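In what follows, a single structure is set out as structure tokens and then discussed.
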Amino acid sequence: MTEANVLVIDDDDDILLSAKLFLKQHFNQVVICKSPKEINVLLSHNEIDIILLDMNYQKGASDGREGLYWLEHILSIDRDYVVILMTAYGNVELAVQAIKKGATDFILKPWENDKLYATLSAASKLRQSTKKVKKLEKIHSSLQNDIARKFENIIGTSGPIQQLQHTLVKVAPTDANVLILGENGTGKQVFAYELHKHSLRKNNIFMHVDLGSLNENLFESELFGYAKGAFTDARDDRPGRFELADNGTIFLDEIGNLSLPLQSKLLTVLQNRTVTRLGESKERKVNVRLITATNMPLNEMVGKGTFRQDLLFRINTVELILPPLHQRAEDILQLANHFLQTFSTKYHKNISRISDKAGKTLLGYHWPGNVRELQHVMERAIIMADGHEITELDLQLSPQRFGSAAPVTANMDLEEMERMMVQKAIDNHKGNISRAAAELGLTRAALYRRIEKFGL
């Protein structure tokens with residue numbers, strides 16, 4: 001049974017009965033109708049996939065003008081309807097005219113059942129394919145709208161932020177590869193999307209790939225795709241992330257976590273601007289704008305031989321370094337008030353301000369988790385608050401959490417600071433990896449890698 005609903009329109013009762021008796025053996029639903037004047041009602045009350053439409057309705061008519069008129073009428077309702085015209089008068093010119101006006105096919109009466117089934121079966125596949133494309137377009141549009149809502153404009157008026165915004169204005173309209181550096185939680189993904197939003201590719205896809213959570217065994221299949229039969233579970237051909245991002249922007253987050261063999265494979269794709277799916281030898285051209293990000297010291301890694309220098313040259317045509325939140329203290333209250341409005345709306349709370357004492361507390365905290373930590377603190381405060389303002393108690397920033405963060409980290413390098421933050425998060429959550437990862441803004445897999453890396 002083919003998953004499709006068929007509407008048959010003909011003024012001949014025998015034709016309608018014959019079509020219904022035969023087609024209901026092969027299709028989900030068969031609706032019959034004697035007059036095309038009922039089309040609007042039938043299409044509004046039934047989910048129709050294929051319309052089998054006679055070309056002549058007036059007695060003695062054979063020129064097919066009525067059929068062409070109703071064809072245009074149906075397609076004016078929805079261009080994606082699959083319409084097959086039928087007539088007892090074979091006319092090549094009429095068939096060509098019908099196809100030009102949007103008909104899918106043309107059959108003669110009396111038909112052969114096998115030929116009728118083959119024609120409608122092919123039409124059903126076309127209809128299902130069109131539906132899938134439309135669904136994917138809606139999903140894509142929805143995802144892009146969600147992303148646009150998630151990443152507001154960059155917030156802040158501090159010197160470092162103004163300088164970054166100035167650079168963004170220059171870089172965004174180009175296709176230059178951009179490397180974004182900064183600690184966890186500084187907003188690397190927000191800046192990546194801001195680059196895309198102000199680029200010439202803004203109407204195409206923004207593809208975020210978290211390399212830190214990607215298993216090495218899945219790297220090629222996820223990024224470059226695979227052919228049917230390439231491995232045990234490869235039941236269909238599947239494009240990779242690079243193909244899906246064609247004509248858009250691909251954002252490779254945590255690129256510093258890639259092993260040397262995977263760095264080599266990525267470099268080949270970036271140099272050739274082509275991908276080869278697993279199980280294929282065919283090269284497919286890809287046109288993407290590349291943005292990468294990491295919190296790791298890539299230049300030091302190049303010196304140690306753990307990151308390829310040629311790949312670093314390839315990805316950092318322009319380099320953006322995001323400051324930690326404690327270095328842009330004048331932005332803290334502006335960000336806090338932004339999160340106040342966002343989460344007050346989300347949780348339907350009438351909270352209008354941050355108390356002066358709470359504001360001083362926010363300004364006095366070192367923010368090792370940066371903007372992401374501030375966001376989490378404000379969300380929790382909104383949930384816990386009872387009044388119309390956020391108080392110091394609502395923030396739940398205890399003296400122990402303030403500690404002596406600034407002096408302790410003053411003489412540390414980035415790797416030592418990262419180790420301290422990972423250990424602190426694990427301690428805070430008594431070994432609960434999921435909660436520690438959430439505090440740090442990492443996936444569980446990425447946190448496990450860091451635990452192994454630091455021997456914790």
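Just so we're clear, the structure is a prediction, and the values are computed from it rather than from any experiment.
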Next item on the list: Please state whether the rings of His208 and Phe251 are parallel, tilted or perpendicular, taking 30° and 60° as the class boundaries.
Entry: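 If you compare the ring of His208 with that of Phe251, the planes turn out parallel.
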Side chains of [X] and [Y]: closer than 4.5 Å at any heavy-atom pair?
X: Thr342; Y: Gln375; value: no
X: Ile48; Y: Leu42; value: no
X: Val83; Y: Glu72; value: no
X: Asn46; Y: Asn5; value: no
X: Thr119; Y: Trp111; value: no

Checklist line | Verdict with reasoning, Arg450 to Glu254, per salt bridge (Lys or Arg N to Asp or Glu O under 4.0 Å) | finding: CA-CA 12 Å; Arg450 283 164 173 78; Glu254 295 202 46; 3.1 Å; yes
Considering residues, nucleotides and ligands other than [X], do more than 12 of their heavy atoms fall under 6.0 Å from its [atom1]?
X: Arg435; atom1: CZ; result: no
X: Lys20; atom1: NZ; result: no
X: Asp114; atom1: CG; result: no

Next item on the list: Determine, step by step, whether Glu283 and Asn272 satisfy the side-chain hydrogen bond (donor to acceptor under 3.5 Å, both in side chains) criterion, reporting the C-alpha distance in whole Å, the side-chain angles of both residues, the deciding distance to 0.1 Å, and the verdict.
Entry: CA-CA 10 Å; Glu283 291 186 341; Asn272 300 334; 5.0 Å; no
Next item on the list: Go through the side-chain N and O atoms of Gln189 and Asp253 and say whether any donor and acceptor fall under 3.5 Å apart.
Entry: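 No, no side-chain donor-acceptor contact under 3.5 Å.
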Margin query: Run Asn204 and His196 through side-chain hydrogen bond (donor to acceptor under 3.5 Å, both in side chains) and show every step you take.
Written below: CA-CA 9 Å; Asn204 295 311; His196 170 75; over 6 Å; no
Next item on the list: Apply the side chain to side chain contact (heavy atoms under 4.5 Å, CB included) test between Asn316 and each candidate in Val178, Leu179, Asn177, Leu311; give the one that qualifies.
Entry: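 Going through the options one by one, the only one that passes is Leu179.
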Next item on the list: Give the intermediate values and the outcome of side-chain hydrogen bond (donor to acceptor under 3.5 Å, both in side chains) for residues Asn370 and Thr186.
Entry: CA-CA 6 Å; Asn370 296 298; Thr186 49; 5.5 Å; no
Next item on the list: Grab the two heavy atoms, one from Gly67 and one from Leu85, that are nearest each other, plus how far apart they are.
Entry: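 Of all heavy-atom pairs spanning Gly67 and Leu85, the closest is O-CD2, 4.4 Å.
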Salt bridge or not between [X] and [Y]? Use side-chain N to carboxylate O under 4.0 Å.
X: Asp12; Y: Lys109; result: no
X: Arg372; Y: Glu183; result: no
X: Asp49; Y: Arg127; result: yes
X: Arg277; Y: Glu220; result: no

Note to self: Does Tyr226 form a side-chain hydrogen bond (donor to acceptor under 3.5 Å, both in side chains) with Glu280? I'd like the steps, not just the answer.
What the structure shows: CA-CA 7 Å; Tyr226 54 80; Glu280 279 189 353; over 6 Å; no
